[in-house]
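These notes are about the structure you will find just below.
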2 protein chains.
Amino acid sequence: MDRFDAHILRELQRDSHIAVADLAERIGLSTSACHRRVKLLESSGMIDGYSARVNPKALGLDLEVFVDITLTSQSQEAMDAFEKAVQLYDEILECVLTTGTADYILRIVARDVAHYDMIHRRCLARLPGVSGMQTSFALRSIKSWRGYPVPG
Amino acid sequence: MDRFDAHILRELQRDSHIAVADLAERIGLSTSACHRRVKLLESSGMIDGYSARVNPKALGLDLEVFVDITLTSQSQEAMDAFEKAVQLYDEILECVLTTGTADYILRIVARDVAHYDMIHRRCLARLPGVSGMQTSFALRSIKSWRGYPVPG
DNA sequence: TTTCCTTCGGTACACCGATGAGCATGGTAA
DNA sequence: TTACCATGCTCATCGGTGTACCGAAGGAAA
């Protein structure tokens with residue numbers, strides 16, 4: 001992990017469709033050296049894979065919701081049941097077990113409030129062992145995901 | 001947006017490095033038809049771009065933190081100042097203005113607790129107009145980001 | 001210092017895959 | 001029916017990817 005690798009990771013997080021030759025020029029290396037480094041970053045697991053960034057607005061997904069979940073019990077069984085149920089619903093994009101007031105944080109997308117209401121009734125209300133939910137609707141994105149910071 | 005486009009979006013969110021020929025076979029279309037659809041999805045803005053998925057563990061970023069921020073004032077000036085300051089720090093990956101008890105939700109990554117402490121002192125403590133912070137450390141990821149759900 | 005070895009970048013090139021032209025087909029409206 | 005549009009397929013071309021080989025730089029040991 002030197003400055004070349006760091007530069008490659010930054011560029012590929014921004015745009016992975018760039019040709020290796022262009023990437024090489026941008027970081028100041030020959031095509032083959034750059035190519036070799038990219039393959040090494042892939043095989044070492046530094047790069048997990050490549051994804052298309054889909055525009056949620058274009059899909060009609062205008063509503064983003066964060067839900068803090070509190071369970072009635074922190075027993076192994078209760079948590080297993082909850083975590084298993086979370087996997088079932090595609091509308092739940094992310095779920096994290098956390099410290100703090102809540103037990104879990106969910107990230108959800110929906111088309112609109114009516115759609116979220118449906119998700120709430122059809123998915124969230126069916127999650128087992130939930131004692132409390134605190135819902136936060138996203139009003140505006142101040143800073144959106146642009147990859148992890150790479151030092152160097 | 002028919003079932004072919006939906007299928008393409010799902011596949012490209014999973015793996016955008018797939019060859020067009022393979023993608024075409026997977027969705028049941030010829031290479032050129034598939035290629036044309038992909039280009040159309042790009043130019044229409046449905047696909048925003050392509051990114052490498054970097055493994056945060058491999059970068060030594062083991063700690064993920066969610067911070068709920070409350071401002072002292074919801075005036076335009078206070079919010080503008082806060083939002084501007086948020087842009088300055090690379091360690092703040094995401095920031096969303098929300099309804100609910102907090103005003104903003106921040107998502108932050110750090111190497112470890114000591115590193116987070118440094119970020120807290122050097123970045124978070126300098127954000128203007130903040131009256132309260134509620135920190136949640138991620139203990140475990142139950143469901144991690146795998147793209148938006150595409151209907152059809 | 002010399003030699004060997006390892007590591008890493010550069011050059012050249014074969015070949016695979018992206019790209020686009022041209023044609024076929026089916027659905028729709030005049 | 002005819003014209004037209006949308007969309008699929010085949011095929012040829014060209015650029016980029018991936019690789020083999022060479023050379024330079026740096027370190028270790030005699």
Side-chain angles (χ1 to χ4, degrees), chain A residues 1-61 111 145-152, chain B residues 1-61 111 145-152:
Chain A
M1 262 309 276
D2 55 12
R3 67 189 186 87
F4 290 118
D5 286 331
H7 203 157
I8 289 173
L9 288 180
R10 276 195 296 273
E11 290 294 331
L12 289 185
Q13 282 192 105
R14 224 174 43 79
D15 175 21
S16 70
H17 242 46
I18 186 175
V20 178
D22 294 345
L23 179 60
E25 189 181 15
R26 197 166 295 186
I27 69 173
L29 227 55
S30 75
T31 305
S32 77
C34 180
H35 181 257
R36 198 176 314 149
R37 279 170 178 270
V38 170
K39 289 299 159 193
L40 228 52
L41 288 169
E42 289 172 358
S43 62
S44 71
M46 194 77 74
I47 293 176
D48 248 354
Y50 298 91
S51 298
R53 290 193 306 269
V54 166
N55 181 355
K57 302 262 182 219
L59 277 175
L61 298 170
R111 290 193 291 277
W145 179 263
R146 270 188 290 281
Y148 290 102
V150 184
Chain B
M1 264 307 278
D2 56 10
R3 68 190 186 83
F4 290 118
D5 286 331
H7 203 158
I8 289 173
L9 289 180
R10 275 195 297 272
E11 290 294 331
L12 289 185
Q13 282 192 107
R14 224 174 42 80
D15 173 22
S16 69
H17 243 44
I18 187 175
V20 178
D22 293 346
L23 179 61
E25 188 181 15
R26 196 166 295 185
I27 69 172
L29 227 54
S30 76
T31 305
S32 75
C34 181
H35 181 257
R36 191 184 319 160
R37 280 170 177 271
V38 171
K39 289 298 158 194
L40 228 51
L41 288 169
E42 290 171 359
S43 62
S44 71
M46 194 77 75
I47 294 177
D48 246 354
Y50 298 91
S51 298
R53 289 193 305 270
V54 166
N55 181 356
K57 303 262 182 217
L59 278 176
L61 299 170
R111 290 193 291 277
W145 179 261
R146 271 189 290 281
Y148 290 102
V150 185

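Chain A is the first sequence line, chain B the second, and so forth, proteins listed ahead of strands; every chain is numbered from 1.
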Quick one: [atom1] on [X] to [atom2] on [Y], what's the gap to the nearest 0.5 Å?
X       : Y       : atom1 : atom2 : value
A:Ile47 : B:Arg53 : CD1   : CZ    : 10.5 Å
B:Tyr50 : B:Leu12 : OH    : CG    : 5.5 Å
B:Asp5  : B:Cys34 : CG    : SG    : 9.5 Å

Identify whether the distance between the nearest side-chain nitrogen and carboxylate oxygen of B:Asp48 and A:Lys57 falls below 4.0 Å.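 Between A:Lys57 and B:Asp48 there is no salt bridge, as every charged N stays at least 4.0 Å from the carboxylate O atoms.
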Are side-chain heavy atoms of [X] and [Y] found at a separation under 4.5 Å?
X       : Y       : result
A:Leu41 : A:Ile8  : yes
B:Leu59 : A:Leu9  : yes
B:Val38 : B:Val20 : no

Could you tell me how far apart B:Arg3 (CZ) and D:dG8 (P) are, to the nearest whole angstrom? 10 Å
Using whole Å, what does the distance between atom C1' of nucleotide D:dC9 and atom CZ of B:Phe4 come to? 13 Å
Go along nucleotides 11-19 of chain D 5' to 3' and tag each nucleotide: B for a protein heavy atom under 4.0 Å from its base, S when only backbone or sugar atoms are that close, - otherwise. ------SBB
Opening and closing nucleotides of DNA chain C in contact with chain B, under 4.0 Å to non-hydrogen atoms: C:dA18 to C:dG20
Could you list all the side-chain hydrogen bond (donor to acceptor under 3.5 Å, both in side chains) pairs where at least one residue sits in residues 21-36 of chain A, not counting sequence neighbours?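 Residue pairs with at least one partner in residues 21-36 of chain A: A:Glu11-A:Arg26.
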